[in-house]
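Fair warning: this is a prediction, and the values are worked out from it, not measured in the lab.
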Amino acid sequence: MLHRRQFIQLSTAAAFSSLFPSFLQGASWQDFPSRRPPLPDRRFTSAAIEAQIQQIKARIRNPELAWLFENCYPNTLDTTVELGELKGKPDTFIITGDIDAMWLRDSTAQVWPYLPLIREDAALRRLVQGLINRQAQCVLLDPYANSFYKDKSRESDWKADQPSPQPGVHERKWEIDSLCYVVRLSNEYLTLTGDASLFDADWDAAMRLLVATLRTEQRKDGTSPYSFSRMTTWTIDAPPFNGKGHMIKPVGLIASMFRPSDDSTVFPFLIPSNLFAVQSLRQLAVIYRTHIRDAAFAEECTRFADEVEAAIKAYAIHKHLQYGKIYAYEVDGFGNTLFQDDANVPSLMSLAYLGIHQPNDPIYQRTRRFLLSEHNPYYFRGTAAEGQASPHSGQRRIWPMGIILRAMTSTSESEIRHCIDMLIRTHAGTGFMHESFDMDNPEDFTRKWFAWANTLFGELIVKLDRERPGLLATL
């Protein structure tokens with residue numbers, strides 16, 4: 001298997017003409033051929049999801065938008081799911097797409113839009129139960145790893161990394177958000193179902209290890225057992241100083257050597273991920289107080305969350321020359337700051353999507369204005385589109401995920417329309433979202449099969465159908 005960066009797939013009109021000649025030779029927009037796998041080839045089918053797709057499609061006026069929705073929304077279920085049993089319990093392994101490995105972050109995000117339907121679809125509910133069980137096993141295997149193999153006998157594609165990943169680990173990049181996504185999935189499942197039966201001894205051990213790892217990475221004594229080195233010419237693919245990262249001043253924040261993009265941090269206190277950690281710790285506190293009946297651990301989680309939140313208020317909010325007090329993306333505790341964002345989640349843009357801030361919170365609004373401005377070095381404007389980008393994909397590539405999150409967090413119908421229009425215009429005839437595309441040429445894109453981006457696009461359309469039903473009928 002290849003690394004995300006090595007999996008850049010370039011598309012041309014000629015290539016798609018050979019695959020789908022009717023599409024590029026003047027076929028009516030009223031008759032788009034489905035890009036979903038044939039029914040017998042789909043990895044998982046949910047009757048509830050299929051019914052939802054048909055219901056929402058019927059309310060979308062633009063046939064190209066309806067086609068994109070039907071292709072993208074079920075893409076995780078259609079192509080990435082493997083079901084089984086492990087230790088006598090449901091087991092679900094979900095790959096990210098064109099890389100045959102499971103990311104803790106991606107796997108949660110990929111099933112997230114389907115969760116509201118688990119109360120009416122028993123098979124879908126069992127799929128989510130299996131993913132919760134699998135994620136707990138992944139944390140117990142290595143809480144510092146970001147991605148895993150189902151087959152523990154499989155040799156890692158990154159065996160030359162130092163230290164070399166242990167069996168079952170695809171890549172060992174320490175990212176705070178990986179652990180937060182594990183909590184996010186368990187908490188939402190419990191909220192929707194009231195079922196705490198999954199929270200067994202393995203799950204409990206994983207949660208305690210998770211919290212202990214976050215504590216360790218506060219690095220209050222200036223040390224950490226974690227390091228990561230890789231022989232690479234891509235400088236952001238590994239932290240400096242023998243894999244330990246740039247210096248920090250211990251102030252109560254949690255150090256993250258990598259961002260959700262799998263790129264190394266500049267300043268290790270990654271603020272969106274620290275905010276995400278506060279949310280996750282508070283969710284764990286409620287679970288342990290209310291359902292596990294462990295008041296001591298619940299209180300430990302609450303105190304930890306309070307400490308990180310206080311440090312965020314003290315060290316993460318800085319005065320920008322043009323926008324006033326906003327969130328920095330990364331800080332080091334010494335007073336150094338990095339003002340930018342990254343299209344992956346968690347990001348500063350995604351804080352309202354994750355429920356960490358309300359869309360109308362003043363600090364979020366000020367931060368968001370900065371993110372969508374020329375003062376954000378990773379906000380690109382081209383002839384094809386404008387949107388958030390990522391150092392992960394270079395200096396010209398806009399991420400559909402960034403455009404989707406802009407629409408997700410917007411309170412402006414005109415802004416949402418603008419985002420939808422850009423997404424329709426930049427899928428390069430494929431019927432799917434991609435990791436990124438050239439800001440002047442959408443046919444030059446990365447990652448043909450990126451299930452998270454596809455499912456997130458579907459989540460946006462479901463959200464608009466629920467919250468702004470009239471909008472889909474007028475786009």
_Close side-chain approach of D263 to F258, heavy-atom, < 4.5 Å_ = no

_Run Q135 and S107 through side chain to side chain donor-acceptor pair (under 3.5 Å) and show every step you take._
CA-CA 9 Å; Q135 289 185 345; S107 60; 3.0 Å; yes

*Residue pair L371, R406: steps toward the side-chain contact (heavy atoms from CB on, under 4.5 Å) verdict*: CA-CA 10 Å; L371 298 177; R406 179 182 178 184; over 6 Å; no

*Any side-chain donor-acceptor pair under 3.5 Å between S186 and W203?*
yes

*Enter the distance from D341:CG to L405:CG here, rounded to the nearest 0.5 Å.*
9.5 Å

*Apply side-chain contact (heavy atoms from CB on, under 4.5 Å) to I56 and E70, showing your working.*
CA-CA 9 Å; I56 294 177; E70 184 171 20; over 6 Å; no

*Examine distances only and state if a side-chain atom of T92 and a backbone atom of L127 form a donor-acceptor pair shorter than 3.5 Å.*
yes

*asked:* Between H291 and F199, is the ring-ring contact (aromatic ring centres under 6.0 Å, His included) condition met? List the steps.
replied: CA-CA 9 Å; H291 298 275; F199 302 159; 7.5 Å; no

*Who are the side chain to side chain donor-acceptor pair (under 3.5 Å) partners of N187, not counting sequence neighbours?*
none

_D161 and R172: CA distance, side-chain angles, deciding distance, side-chain contact (heavy atoms from CB on, under 4.5 Å) verdict_ = CA-CA 9 Å; D161 290 348; R172 195 175 190 261; over 6 Å; no

_Regarding Q365 and N360, do their side chains bring together a donor and an acceptor under 3.5 Å, going by distance alone?_
no

*Are the charged groups of R381 and D440 less than 4.0 angstrom apart, N to O?*
no

*Using atom types as modelled and distance alone, determine if a side-chain donor or acceptor of R134 lies under 3.5 Å from a backbone N or O of F93.*
no

*Looking only at atom types and distance, does a side-chain atom of S347 sit under 3.5 Å from a main-chain N or O of S350, one as donor and one as acceptor?*
yes

*For side chain to side chain donor-acceptor pair (under 3.5 Å), just list the numbers for S390 and D342, CA-CA rounded to whole Å, side-chain angles, deciding distance to a tenth of an Å, and then say yes or no.*
CA-CA 5 Å; S390 169; D342 192 291; 2.8 Å; yes

*Only counting residues at least two apart or in another chain, list the ones meeting salt bridge (charged side-chain N to carboxylate O under 4.0 Å, His left out) with D200.*
K89

_Which atom of I94 lies closest to which atom of M102, heavy atoms considered_ = O-CG, 2.9 Å

*Is any side-chain heavy atom of L456 closer than 4.5 Å to a side-chain heavy atom of M433?*
no

*Do R396 and D444 meet the salt-bridge criterion of a basic N to acidic O distance under 4.0 Å?*
no

*Hey, what's the ring geometry for H357 with Y327, parallel, tilted or perpendicular (30° and 60° as the breaks)?*
tilted

*Residues two or more places apart in sequence or in another chain: which of them pass salt bridge (charged side-chain N to carboxylate O under 4.0 Å, His left out) with E82?*
K150

*T96 and D106: side chain to side chain donor-acceptor pair (under 3.5 Å), yes or no, with the steps?*
CA-CA 6 Å; T96 183; D106 293 34; 2.8 Å; yes

*Consider only side-chain N and O atoms of R368 and T409, and report whether a donor and an acceptor are under 3.5 Å apart.*
yes

_Determine whether E175 and R105 satisfy the following criterion, side-chain contact (heavy atoms from CB on, under 4.5 Å), listing intermediate values before the conclusion._
CA-CA 9 Å; E175 301 161 0; R105 167 182 54 255; 2.8 Å; yes

_Donor on one side chain, acceptor on other, S414 and S412, under 3.5 Å_ = yes

_Set out, in order, the CA-CA distance, both residues' side-chain angles and the distance that settles side chain to side chain donor-acceptor pair (under 3.5 Å) for Y144 and E217, then state yes or no._
CA-CA 10 Å; Y144 283 104; E217 290 308 310; 2.7 Å; yes

*asked:* Using modelled atom types and a 3.5 Å cut-off, is there a donor and acceptor pairing between side-chain atoms of N454 and backbone atoms of N75?
replied: no

*Check step by step if salt bridge (charged side-chain N to carboxylate O under 4.0 Å, His left out) holds for R425 and E386.*
CA-CA 12 Å; R425 289 189 285 107; E386 59 174 306; over 6 Å; no

*Counting only N and O atoms by type, is there a donor-acceptor contact under 3.5 Å from the side chain of T455 to the main-chain atoms of A451?*
yes

*Could you walk me through whether H392 and Y378 pass the ring-ring contact (aromatic ring centres under 6.0 Å, His included) check?*
CA-CA 11 Å; H392 190 72; Y378 286 95; over 10 Å; no

*Do the two ring centres, one from W399 and one from H434, sit under 6.0 Å apart?*
no

*What residue pairs, at least two apart or across chains, pass ring-ring contact (aromatic ring centres under 6.0 Å, His included) with a residue in residues 106-142?*
Y73-Y114

*Taking the side chain as every heavy atom from C-beta outward, state whether L214 and L210 have any pair of such atoms under 4.5 Å apart.*
yes

*Using modelled atom types only, decide if a donor and an acceptor are shared between the side chain of D361 and the backbone of Y364 within a distance under 3.5 Å.*
no

*Any sub-3.5 Å donor-acceptor pair from D121's side-chain atoms to L124's backbone N or O?*
yes

*asked:* Tell me if the centroids of the rings in F148 and H170 come within less than 6.0 Å of each other.
replied: no

*Do the rings of F32 and W67 sit parallel, tilted or perpendicular, given the 30° and 60° boundaries?*
parallel

*Using a distance-only test with no angle check, is there a side-chain donor-acceptor pair under 3.5 angstrom linking T79 and W449?*
yes

_Test item: Q340 and E330 side chains (from C-beta on) under 4.5 Å apart, heavy atoms_ = no

*With a 3.5 Å cut-off and no angle check, do the side chains of S256 and S273 form a donor-acceptor pair?*
no

_Is it the case that the side chain of S373 and the backbone of F370 share a donor-acceptor pair, with hydrogens and angles ignored and the cut-off at 3.5 Å?_
yes

*asked:* Do R447 and F450 form a cation-pi contact, if we require the NZ or CZ to be under 6.0 Å from the six-membered ring centre and within 45 degrees of the ring's axis?
replied: yes

_Between Y379 and E374, a side-chain donor and acceptor under 3.5 Å_ = no

_I'd like to check the salt bridge (charged side-chain N to carboxylate O under 4.0 Å, His left out) partners of R184; sequence neighbours left out, ordered by chain and number._
none

_I'd like to check M207 versus V182 (side-chain heavy atoms, cut-off strictly below 4.5 Å). Are they in contact?_
yes

*Does some side-chain heavy atom of L270 sit less than 4.5 Å from a side-chain heavy atom of P260?*
yes

*Only counting residues at least two apart or in another chain, list the ones meeting salt bridge (charged side-chain N to carboxylate O under 4.0 Å, His left out) with R289.*
none

*Would you say the side chain of R61 lies within less than 4.5 Å of the side chain of L472, judging by non-hydrogen atoms?*
no

_Reported CZ-to-CD1 distance for the pair R259 and I176, which is rounded to 0.5 angstrom_ = 12.5 Å

*Under the 3.5 angstrom rule, does the side chain of K57 hit a backbone N or O of A66 as a donor-acceptor pair?*
no

*Report yes if some heavy atom in the side chain of D78 is under 4.5 Å from a heavy atom in the side chain of R43; otherwise report no.*
no

_S264 side-chain N/O to M257 backbone N/O, donor-acceptor pair under 3.5 Å_ = no

_Interatomic spacing from CG in D177 to CG in N146 - rounded to 0.5 Å_ = 9.0 Å

